[in-house]
Amino acid sequence: MNIAVVGLGYWGPNLVRNFSKIPGVQVKYGCDLSKKNLLKVKKDFPSIICTENFSEVLSDSSVEAIAIATPMSTHFSLVRQALLAGKHVLVEKPMTQTSTEARELISIAKQKKKVLMVGFTFVYSETVRKIKKLIEKNYFGQLYYYDSTRINLGLIQKDSNVIWDLAPHDLSILGYLIQEKPISLQAFGSSFIGKKEVEVAHLFLKYRNKMTAHINISWLSPVKIRTILIGGSKKMIVYNDVEPSEKLRVYDKNVSLPFDKISPFSPAYRSGDILIPHIDQKEALLSELQHFIECIKMNKTPLTNGTTGLDVIELLEATDLSLVSKSEIILS
Ligand SMILES: NC(=O)c1ccc[n+]([C@@H]2O[C@H](COP(=O)([O-])OP(=O)(O)OC[C@H]3O[C@@H](n4cnc5c(N)ncnc54)[C@H](O)[C@@H]3O)[C@@H](O)[C@H]2O)c1
């Protein structure tokens, strides 16, 4: 299967490298507006045809699928053209700049009977999959909270704020783990450098059953932290994504209030073992791309499809509304 990768800046070369590992898949084209970035990829993958001309890729009938890793503001136009040219498309997060655009792409993909997948890489990570299995087995009991810190120095994007850049990771993980939409959302954020787009932000989401999610995202942190805590009535976890191995720790801890101790109030704290589950070291992006190829071959709907992409865009739009109105947005 011939593939083209469009956008070869920071993320695109990772797509080229991982597609090249899949038997039967060939990255035929690398496309970018920057000659410098094209040359870098050509050096590592000499057989790839490098072009600045997207139409050249679209008009090659031997190209079945296109992966798009360009800045967000270009996604809608490039994906639309690719689908209309009869190509299957994998587009990086966030799918589009508006939910109207996302709906249009979903509709074109349906008409053209083409796979439209969104690159929510964390959903394909072995750690997130392990957490999902534990939730399905009711291992944590009632879920109390999801608390994520996703901060670093940069990379400040030209066409989005920090929420649109980094929150799609947590919003897609939450959508996958919880399988339920939040009932309300509130965003807080500030801009210090560009004075326009928010660079430091906090999101608060509420779910039915009282579960809450807090997402702390920043481009202005001196250190890179990628930590998710999930607390439940039976067990709690810490997922530290910057750990090279042992990313996940499961704490057999909880707090309860014995029936007869309500008055006077005296909660009981239980502290058991800490478990570090075995998790395969497979790169999430490789699993994501294998899934994309499988969906094309088997005519299947991807796990992270256009509708999943739209759900995230709707939440991102709600964060914009919340920032402007300085209020909690009721979602359902
Ligand atoms: N899934 C993930 O974990 C993950 C990680 C990083 C980035 N991303 C996403 O990947 C996308 C790209 O991010 P990046 O950090 O690589 O950006 P980048 O700015 O480093 O690279 C973008 C590249 O696209 C090229 N480009 C711009 N417009 C183009 C066009 N019309 N045609 C062809 N090439 C064009 C630029 O020249 C540049 O080389 C974004 O949507 C980002 O959110 C996803």
Side-chain angles (χ1 to χ4, degrees), residues 72-73 75-76 91-107 109-110 116-123 128 131-132 135-136 140 142-150 157 159-191 197-218 228-233 301-332:
M72 170 182 70
S73 53
H75 289 176
F76 174 67
V91 59
E92 269 313 322
K93 58 83 197 162
M95 181 183 178
T96 51
Q97 285 181 297
T98 67
S99 50
T100 309
E101 290 175 347
R103 281 192 196 92
E104 187 175 334
L105 295 182
I106 292 168
S107 155
K110 199 172 164 197
L116 173 59
M117 176 162 154
V118 182
F120 291 130
T121 312
F122 277 97
V123 168
V128 172
I131 298 170
K132 168 87 173 161
I135 289 177
E136 281 172 352
F140 302 107
Q142 183 192 347
L143 292 178
Y144 290 163
Y145 62 83
Y146 172 104
D147 190 352
S148 172
T149 305
R150 197 173 290 282
Q157 302 291 309
D159 62 352
S160 81
N161 66 17
V162 73
I163 300 175
W164 281 72
D165 183 35
L166 296 181
H169 293 307
D170 289 296
L171 297 175
S172 60
I173 293 171
L174 275 162
Y176 174 62
L177 293 181
I178 310 300
Q179 297 280 314
E180 192 186 301
K181 293 187 182 181
I183 53 171
S184 82
L185 174 156
Q186 185 152 15
F188 299 86
S190 306
S191 171
E197 298 289 6
V198 162
E199 292 136 358
V200 177
H202 291 264
L203 307 186
F204 293 96
L205 291 87
K206 287 185 194 158
Y207 290 79
R208 276 176 245 285
N209 285 336
K210 295 198 291 188
M211 189 193 125
T212 54
H214 167 236
I215 305 169
N216 168 14
I217 35 191
S218 170
I228 297 170
L229 279 80
I230 299 178
S233 57
T301 304
L303 184 58
T304 53
N305 51 58
T307 306
T308 326
L310 171 64
D311 289 346
V312 169
I313 300 294
E314 284 177 340
L315 292 176
L316 294 171
E317 285 180 334
T319 68
D320 286 346
L321 197 60
S322 175
L323 288 175
V324 172
S325 65
K326 295 186 173 48
S327 65
E328 180 180 15
I329 306 299
I330 305 302
L331 299 165
S332 60

J.: Over 60° means perpendicular and under 30° means parallel, so classify the ring planes of Phe204 and His214, tilted if in between.
T.: parallel
J.: For atom CG of Asn209, is the number of surrounding heavy atoms from other residues, nucleotides or ligands below 6.0 Å larger than 12?
T.: no
J.: For a side-chain contact (heavy atoms from CB on, under 4.5 Å) check, start with the C-alpha distance between Tyr176 and Thr304, then their side-chain angles and the critical distance, and finish with the verdict.
T.: CA-CA 9 Å; Tyr176 174 62; Thr304 53; over 6 Å; no
J.: Flag the pair Leu105 / Val91 as yes when at least one side-chain heavy-atom distance between them is below 4.5 Å, and no otherwise.
T.: no
J.: Kindly give the heavy-atom pair with the smallest separation between Thr212 and Lys206, and that separation in Å.
T.: CG2-CG, 4.3 Å
J.: Do Glu136 and Gln179 come within less than 4.5 Å of each other through their side chains, counting heavy atoms only?
T.: no
J.: Keeping the roles fixed (side chain from His75, backbone from Pro94), state whether a donor-acceptor pair exists under 3.5 Å.
T.: yes
J.: Kindly say whether Glu197 contributes a backbone atom to a donor-acceptor pair with the side chain of Ser191 at under 3.5 angstrom?
T.: yes
J.: So, Asn305 and Thr308: side-chain donor and acceptor under 3.5 Å apart, yes or no?
T.: yes
J.: Got Met211 and Glu180 here, is their nearest side-chain heavy-atom distance under 4.5 Å?
T.: no
J.: Could you go through the side-chain contact (heavy atoms from CB on, under 4.5 Å) check for Lys110 and Leu116 one step at a time?
T.: CA-CA 9 Å; Lys110 199 172 164 197; Leu116 173 59; over 6 Å; no
J.: Side chains of Leu316 and Ile163: closer than 4.5 Å at any heavy-atom pair?
T.: yes
J.: Side chains of Ile230 and Leu143, heavy atoms from C-beta outward: is any pair under 4.5 Å?
T.: yes
J.: Side chains of Thr98 and Phe76: does their closest heavy-atom pair fall under 4.5 Å?
T.: no
J.: Looking at Leu203 and Ala187, what are the two nearest heavy atoms and their distance?
T.: CD2-CB, 3.5 Å
J.: Would you find a donor on one side and an acceptor on the other, under 3.5 Å apart, between the side chain of Lys326 and the backbone of Phe188?
T.: no
J.: Restricting to non-hydrogen atoms, name the atom on Val123 and the atom on Ser172 that form the minimum distance, rounded to 0.1 Å.
T.: CG2-O, 3.8 Å
J.: Under the side-chain contact (heavy atoms from CB on, under 4.5 Å) rule, what do Leu323 and Asn161 come out as? Steps first, then yes or no, please.
T.: CA-CA 12 Å; Leu323 288 175; Asn161 66 17; 4.3 Å; yes
J.: Working to the nearest 0.5 Å, report the span between OH of Tyr146 and CD1 of Ile178.
T.: 8.5 Å
J.: Hey, is the main chain of Leu229 close enough, under 3.5 Å, to the side chain of Asp147 for a donor-acceptor pair?
T.: no
J.: List the atom of Arg150, the atom of Asp170, and the distance in Å for their closest heavy-atom pair.
T.: NE-OD2, 2.8 Å
J.: Kindly compute the distance separating NE2 (His202) from CD1 (Ile217), expressed to the nearest 0.5 Å.
T.: 9.0 Å
J.: How long is the span from the CD atom in Glu317 to the CG atom in Leu185, to the nearest 0.5 Å?
T.: 12.0 Å
J.: Donor-acceptor pair, distance only, cut-off 3.5 Å: does the side chain of Ser322 make one with the backbone of Ser327?
T.: yes
J.: Check Ser233 against Tyr144 and note the closest heavy-atom contact, atom names and distance.
T.: CB-OH, 3.2 Å
J.: Is it the case that over 12 heavy atoms from other parts of the model lie below 6.0 angstrom from the NZ atom of Lys181?
T.: no
J.: So how far is it from Ile106 CD1 to Met95 CE, rounded to the nearest 0.5 Å?
T.: 4.5 Å
J.: To the nearest 0.5 Å, what is the distance between CG on Leu205 and CG on Leu171?
T.: 6.5 Å
J.: Do Ile183 and Leu331 have side chains that get closer than 4.5 Å, going by heavy atoms?
T.: no
J.: Can Glu314 and Ser99 be counted as having a side-chain donor-acceptor contact under 3.5 angstrom?
T.: no
J.: Got Ile215 and Leu174 here, is their nearest side-chain heavy-atom distance under 4.5 Å?
T.: yes
J.: Could you tell me the separation between the NZ atom of Lys93 and the CD1 atom of Ile313, rounded to the nearest 0.5 Å?
T.: 10.5 Å
J.: Taking all non-hydrogen atoms of both residues into account, name the closest pair between Ser218 and Leu166 and its distance.
T.: O-CD1, 4.1 Å
J.: Angle between ring planes, Phe122 versus His169, binned at 30° and 60°: parallel, tilted or perpendicular?
T.: perpendicular
